[in-house]
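Just so it is clear, the values below take in all heavy atoms, side chains as well, and ignore hydrogens, waters and symmetry mates.
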Amino acid sequence: MIHLILLLSMAILLSMLMVFSSKENLSVDALPEFFLQTASSIFLLLAPPVYFNIYWLIPNFLVKKKYLMYGIIVIALVAIWGFVLGFGEPWMDRNWFNEPDEKPNYGVGIIGTILLLIITTLLHIAYRWFIQLSTIKQIENDQLHLELSSLKNQINPHFFFNTLNNLYALSLEKSDQTPSVILKLSEMMRYTIYDCKEQEVSLEGEVTYMENFIALQKVRHHKRGVITLKNDIQDTNIKIAPMILIVFIENAFKHGFDLLDKEAFINISLKHEANALHFYIENNFGTTAEKHEKGIGLENVKRRLALLYPDTHELKIVRNETLFSVHLKLYV
């Protein structure tokens, strides 16, 4: 509705300018005809490529860093709509409004389409930039709370003390696993205390943290079921926000694996393709999971994703009777 009012206002303003700038037609009676002519041009010839670019091309290609594909589609759009504009405008004026016959001009249509796309794209990008500036303060404030909560929750007390108890049991048994468990726990604490202070961390560090977390969980729950982590990431220079992925793994243990006595499973996979990081996790759960209070972990991570990856992430969560799955796609 706002866009419709804006476009109609532009048509009225332009038609009034046309009336009062024309010495031959200086009459209010000519205003409706000028308005129809202007509105037809705006809605049928100018608005379609602008809205196609702003609401489909920019979000799906430019924002997601698919620059080559964006450029190819824009070139095709200019070629096609240059023809529509160059031939459509004279045809409309001649057949709809009895204007003098004007030669179609493909070159003028091309130039007009290019200028139209450049101007509206720059305005739209400036608008997006302005909107993002307004959220920076909110992000900074939320980041302070996230940093405070991360020190409390990244290695949650329940997991930490259970690991220490297992470590104590292993030391009594003089198990060969004891040094490995100590080392993994130390690496996790170092990562959460020092590395996670940065706004972005290497994906390699995140994967190492997940591997250590899973290894320690296997020590605790080696008889409950199977945990698999498939890592197909080749580029170790990818940067992401810290502790985004581990929340989904913790949730899988808390509401699934920890509550099953046997035949539990968690399957995790990571891959990177077409400028996007794909994280997928699925786990089974029992009927007792319904009795447990729903944690705030998933809501917090949704909030972080909305703030840190606006328009550059896709999160799909599916739950059926016994299976819970998450597919997170980050454009990095």
Side-chain angles (χ1 to χ4, degrees), residues 1-4 6-7 47-78 81 116-147 149-150 196 198-203 206 233 235 237-248 251 269-281 296-318 325-332:
M1 184 62 68
I2 292 174
H3 285 236
L4 180 62
L6 179 62
L7 293 176
V50 171
Y51 280 89
F52 179 70
N53 180 45
I54 289 175
Y55 288 102
W56 194 74
L57 290 183
I58 292 178
N60 287 286
F61 297 98
L62 194 60
V63 171
K64 296 178 180 178
K65 301 179 181 179
K66 299 178 180 179
Y67 303 121
L68 178 61
M69 185 60 67
Y70 177 76
I72 292 172
I73 297 178
V74 166
I75 291 172
L77 177 63
V78 168
W81 208 259
L116 185 65
L117 290 178
I118 289 175
I119 293 171
T120 54
T121 299
L122 291 176
L123 288 174
H124 182 69
I125 291 174
Y127 171 76
R128 291 174 67 96
W129 176 75
F130 176 78
I131 294 299
Q132 288 177 357
L133 279 181
S134 66
T135 63
I136 287 178
K137 187 175 181 180
Q138 182 182 6
I139 292 175
E140 290 176 346
N141 291 335
D142 286 351
Q143 190 66 28
L144 292 176
H145 295 290
L146 288 169
E147 288 176 358
S149 63
S150 66
C196 290
E198 303 296 328
Q199 290 187 353
E200 288 188 329
V201 296
S202 70
L203 181 59
E206 282 286 291
I233 304 296
D235 186 1
N237 296 319
I238 298 173
K239 298 284 187 179
I240 64 170
M243 309 305 290
I244 285 286
L245 306 181
I246 192 64
V247 175
F248 299 107
N251 188 73
S269 67
L270 274 167
K271 65 178 180 179
H272 181 249
E273 59 181 15
N275 296 322
L277 172 67
H278 295 264
F279 172 81
Y280 182 82
I281 180 171
I296 62 172
L298 287 180
E299 294 304 319
N300 284 342
V301 78
K302 287 179 183 178
R303 176 67 173 163
R304 288 190 68 193
L305 287 168
L307 291 172
L308 299 174
Y309 294 95
D311 300 324
T312 55
H313 82 278
E314 298 173 18
L315 178 62
K316 183 179 180 181
I317 299 177
V318 178
S325 67
V326 174
H327 181 200
L328 174 62
K329 188 176 181 181
L330 295 178
Y331 294 95
V332 293

When you compare the side chain of [Y] with that of [X], does any pair of heavy atoms fall below 4.5 Å?
{"X": "L62", "Y": "L57", "answer": "no"}
{"X": "N251", "Y": "I281", "answer": "no"}
{"X": "N53", "Y": "H124", "answer": "no"}
{"X": "N60", "Y": "Y70", "answer": "no"}
{"X": "R304", "Y": "V247", "answer": "no"}
{"X": "K239", "Y": "S202", "answer": "yes"}

Is the Y280 ring parallel, tilted or perpendicular to the H327 ring (thresholds 30°, 60°)?
perpendicular
Looking at [atom1] of [X] and [atom2] of [Y], how far apart are the two atoms once the value is rounded to the nearest 0.5 Å?
{"X": "L328", "Y": "K316", "atom1": "CG", "atom2": "NZ", "result": "13.5 Å"}
{"X": "I238", "Y": "E206", "atom1": "CD1", "atom2": "CD", "result": "12.5 Å"}
{"X": "H313", "Y": "K329", "atom1": "NE2", "atom2": "NZ", "result": "12.5 Å"}
{"X": "L203", "Y": "N237", "atom1": "CG", "atom2": "CG", "result": "10.5 Å"}
{"X": "L117", "Y": "L122", "atom1": "CG", "atom2": "CG", "result": "10.5 Å"}
{"X": "I125", "Y": "T121", "atom1": "CD1", "atom2": "OG1", "result": "6.0 Å"}

Would you confirm whether the ring centroid of W56 sits within less than 6.0 angstrom of the ring centroid of F61?
yes
Given side-chain contact (heavy atoms from CB on, under 4.5 Å), test K302 with I317 step by step and report yes or no.
CA-CA 11 Å; K302 287 179 183 178; I317 299 177; 3.7 Å; yes
Does atom OH (Y51) have a neighbourhood of more than 12 heavy atoms from anything else shown, all under 6.0 Å?
yes
Is it true that a side-chain atom of E314 and a backbone atom of L330 form a donor plus acceptor pair closer than 3.5 Å?
no
Is a side-chain donor or acceptor of Y309 paired with a backbone partner of I240 at a separation under 3.5 angstrom?
no
Shortest non-hydrogen contact from I54 to P59?
O-CD, 3.1 Å
Does the pair N275 and K64 meet the rule for a side-chain contact (heavy atoms from CB on, under 4.5 Å), with working shown?
CA-CA 8 Å; N275 296 322; K64 296 178 180 178; over 6 Å; no
